[in-house]
Amino acid sequence: APAAPAAQEWHPPLPAPAPATAAPAPATGAPAPATAAPTQKPDNWQSGIYKSNPFGESQYSSSASHAGSVKVTLFGKQLETCPHVGSDNYKSPCKLDLAARIIAESTVLLKNSGGVLPLAKDASVGLVGTQACSTDPLAQAGGSGWNGFACNQVPKVNLKDGIAGLKDGPQLECSTHGEGAEVVVAMVSPEKASEGGDRSTLQLHAEDIAMIKQFSAAGKKVVVVINAPGPMITSTWDEGVAAILISWLPGQQNGRGIAMALYGEEHEASGRL
């Protein structure tokens, strides 16, 4: 086997330090200035709107390498970079791995009642919704959000296939009723955004709202995954759901990155609002 490429040391230029300013000395006998108490998040609410990762420490091993990646050292930390492969960049295995990681880590966890996420591989899970098993899942917007022909030559990955592609990933089926499942993952998308035209609403489609409410009323643990083109209104349906994940027009590796986020595998949903 060929020898692994040697690590390369690279240090970008640092900005010039700001001039130091002396802090005024406190008056003799004056009380110490008050410091604000840290904001505490409620024990029953784990969410991407807080700074701490609700899933705990990353399970991703920095020793794991993506296909064809090269190690570089930046400020004493070893990082991976993908090699430039010219016109094949858009389908480079290394860059597809990177795309999936970006999707997972930019996904925002808005709600996680009862710690339903991350999902266990042996959990009883049913997939529902227009996006979960779609052969053409939402990947990008229209107009200037369109990525061009090259990117569209890479097959899009839906959520079902993304989950199956995880290590020991379960082979889940899509249905309209979530029969026998304890957890229902509903993957939906709102009205698509495009240059030259505004979305008519910030709500999900009426049929998706009705589906979410139906499963919530049936006592299922409902995990809603939204491929969102921008701000969304969730207050019309979110009260009865167990968890909400939002990704943002995630591209061709769509279901692969979201599967990582749902199961906390390799990379977590660590996006923040």
Side-chain angles (χ1 to χ4, degrees), residues 1-12 48 53 55-109 117-118 131 136-141 144-169 187 189 225-229 245-273:
Q8 304 169 16
E9 184 76 22
W10 178 69
H11 295 280
N53 188 334
F55 291 171
E57 293 300 317
S58 174
Q59 300 175 44
Y60 174 64
S61 170
S62 59
S63 62
S65 296
H66 297 303
S69 64
V70 176
K71 298 277 187 176
V72 298
T73 301
L74 177 64
F75 295 123
K77 294 183 70 174
Q78 205 169 57
L79 307 175
E80 288 184 66
T81 63
C82 289
H84 178 65
V85 290
S87 61
D88 286 337
N89 272 325
Y90 72 95
K91 59 182 179 180
S92 154
C94 181
K95 293 190 176 181
L96 294 179
D97 285 349
L98 178 60
R101 177 179 182 176
I102 291 170
I103 295 165
E105 294 190 342
S106 63
T107 296
V108 179
L109 178 69
L117 296 179
Q131 292 288 300
D136 187 27
L138 180 66
Q140 59 207 43
S144 56
W146 183 66
N147 290 323
F149 289 109
C151 290
N152 285 295
Q153 292 175 19
V154 178
K156 296 177 183 177
V157 181
N158 63 29
L159 182 58
K160 175 186 175 182
D161 293 340
I163 292 172
L166 298 175
K167 182 179 180 181
D168 301 322
M187 188 172 185
S189 64
V225 180
I226 309 174
N227 279 352
L245 282 173
I246 298 187
S247 62
W248 313 97
L249 298 175
Q252 272 66 15
Q253 296 300 294
N254 185 321
R256 186 177 166 207
I258 294 171
M260 290 179 181
L262 282 169
Y263 285 85
E265 180 165 306
E266 267 194 275
H267 311 290
E268 286 95 355
S270 50
R272 296 290 179 266
L273 292 181

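Counting from 1, the numbers follow the sequence of the chain as shown.
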Polar side-chain atom of Glu265 near backbone of Lys167 as donor-acceptor pair, under 3.5 Å: yes

What is the distance from atom NE2 of His267 to atom CD of Glu105, rounded to the nearest 0.5 Å? 6.0 Å

Under the salt bridge (Lys or Arg N to Asp or Glu O under 4.0 Å) test, residues paired with Asp88 that sit two or more places apart: Lys91

Do Gln253 and Val154 come close enough that some side-chain heavy atom pair is under 4.5 Å? yes

Any pair with a residue in residues 246-255 that passes salt bridge (Lys or Arg N to Asp or Glu O under 4.0 Å), sequence neighbours left out, goes on the list, sorted by first then second residue, please. none

Return the set of residues passing side-chain hydrogen bond (donor to acceptor under 3.5 Å, both in side chains) with Thr107 (not counting sequence neighbours), or none when no residue passes. none

Minimal non-hydrogen separation, Ala269 against Leu245, with atom names: CB-CD2, 3.8 Å

Applying side chain to side chain contact (heavy atoms under 4.5 Å, CB included), name anything that partners Asn227, two or more places apart in sequence or on another chain. Gln131, Leu138, Met187, Ser189, Ser247, Pro250, Asn254, Ile258

Could you tell me which non-hydrogen atom of Val85 sits nearest to which non-hydrogen atom of Ser92, and how far apart they are? CG2-CB, 3.9 Å

For the residue pair Gly264 and Pro118, what are the closest heavy atoms and their distance? N-CB, 3.7 Å

Separation between CD (Glu268) and CG (Leu109), nearest 0.5 Å, reads 11.0 Å

Show your reasoning for whether side-chain contact (heavy atoms from CB on, under 4.5 Å) applies to Arg256 and Leu96. CA-CA 10 Å; Arg256 186 177 166 207; Leu96 294 179; 4.3 Å; yes

Side chain to side chain contact (heavy atoms under 4.5 Å, CB included) partners of Asp168, counting only residues at least two apart: none

Partners meeting side chain to side chain contact (heavy atoms under 4.5 Å, CB included) with Ala228 (sequence neighbours left out): Ile226, Met232, Ile246, Trp248

Sidechain N-carboxylate O distance under 4.0 Å for Lys156, Asp161: no

How close do Met260 and Ala104 get, heavy atom to heavy atom, and via which atoms? CB-CB, 3.9 Å

